[in-house]
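Take a look at the structure set out below.
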Amino acid sequence: MVKSKSKSKSEPAQKGKANAVAGAQRYWLVKSEPSVYGWQQLLLDRRTCWDGVRNYQARNMLRSDMQCGDGVLFYHSNAVPMAIVGIAKVVRAGYPDATAFDKASPHHDPASDPLAPTWFMVDIEPLVTLSPVLVRERLMAVPELRDMLLLQRGCRLSVQPVSKPEWLAIVALAGVKVTC
DNA sequence: GCCAACGTTGGC
DNA sequence: GCCAACGTTGGC
């Protein structure tokens, strides 16, 4: 993955996806390979645009569903350890991913029309660094997280919804107070 | 490094 | 529109 970030290109999967009724979805998880863009980098940057996602399902969430103030779990994939390492929040809702129009970008997509952009991103800011981090193995042992998307075999979505019970369980495990 | 699970591509 | 081949993700 890239700064998140998935690289694949494809065709529209769904449209008119049920947009969040107010307050319906407040929590998300993003995956990133720390060698590409890790939590430490986010701390240094203080804020980043979550660009480079090239998967339609993830795009739909970035474009329409993620709202300012929503909570975001930050997960390190393809890493040692694989873990949720921090909590961030959305500080800017979906807007076009300019890297798609940039020929020099590894995420350039000539098929994306600036007048009708295909790819979107949000901005996030770090809120809390988890210490210790919540390693995957531990998460898998938590009954409340049995159905969490992240922990399902073969789940490759780099942006995922997180249910409120899952969010609460994770925040409790982490022993942090977050207001999202 | 392996490979299962996906998503995408392209021939038909 | 089917589906086999291919490429990628990402846990193990």
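As a basis for the values below, the full set of heavy atoms in this structure was taken, side chains included, without hydrogen atoms, waters or symmetry mates. Here is the naming used below: chain letters follow the sequence lines, and residue numbers restart at 1 for every chain.
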Exercise for the section: Answer yes or no: is there a donor N or O on one side and an acceptor on the other, between the side chain of A/Gln152 and the main chain of A/Arg146, under 3.5 Å? Expected result: yes

Fill in the blank from the handout: Of the listed B/dG7, B/dC6, C/dG10, the closest approach to the A/Ser77 side chain comes from C/dG10

Completion exercise
Heavy atoms of A/Leu62 and A/Val122 approach each other most closely as O-CG1, 3.5 Å

Handout entry: Residues clustering with A/Tyr95 (ILVMFWY side chains joined when closer than 4.5 Å, directly or via others)
Key = A/Met121

Practice task
Give, ordered by number, those residues of residues 139-155 of chain A having at least one heavy-atom distance below 4.0 Å to an atom of DNA chain B; if nothing qualifies, reply none.
Solution key: A/Arg153, A/Gly154

Exercise for the section: Measure the distance from CZ on A/Arg136 to P on C/dG11 and round it to the nearest whole Å. Expected result: 5 Å

Practice task
Would you kindly give the OH-to-C1' distance between A/Tyr56 and B/dT9, to the nearest whole Å?
Solution key: 14 Å

Practice task
Report yes or no: does A/Asp123 contribute a side-chain atom to a donor-acceptor pair with the main-chain N or O of A/Val91 at less than 3.5 Å?
Solution key: no

Completion exercise
Whole-Å distance, A/Ile84 CD1 to C/dG11 P, equals 12 Å

Practice task
Starting from P on C/dT9, measure out to CD on A/Gln160 and report it in whole angstrom.
Solution key: 15 Å

Practice task
Could you list the residues that satisfy side-chain hydrogen bond (donor to acceptor under 3.5 Å, both in side chains) with A/Gln40, not counting sequence neighbours?
Solution key: none

Handout entry: Residue A/Lys31, side-chain heavy atoms: nucleotide from C/dC12, B/dG7, C/dG10 that is nearest
Key = C/dG10

Handout entry: Phosphate-side-chain proximity, A/Tyr75 and C/dT9, N/O vs OP1/OP2 below 4.0 Å
Key = no

Exercise for the section: Over 60° means perpendicular and under 30° means parallel, so classify the ring planes of A/Trp50 and A/Phe74, tilted if in between. Expected result: perpendicular

Completion exercise
note: A/Glu33, atom CD; C/dG10, atom P; distance rounded to Å ~ 7 Å

Problem - Nucleotide nearest A/Arg156 (side chain, heavy atoms from C-beta), chosen from B/dC6, C/dG10, B/dG7 - result: B/dC6

Practice task
Look only at the side chain of A/Lys31 and the backbone of A/Leu157, and say whether a donor-acceptor pair between them is shorter than 3.5 Å.
Solution key: yes

Completion exercise
Whole-Å distance, A/Asn55 CG to C/dG7 C1', equals 14 Å

Handout entry: d(CD, A/Glu137; P, C/dG11) in whole Å
Key = 13 Å

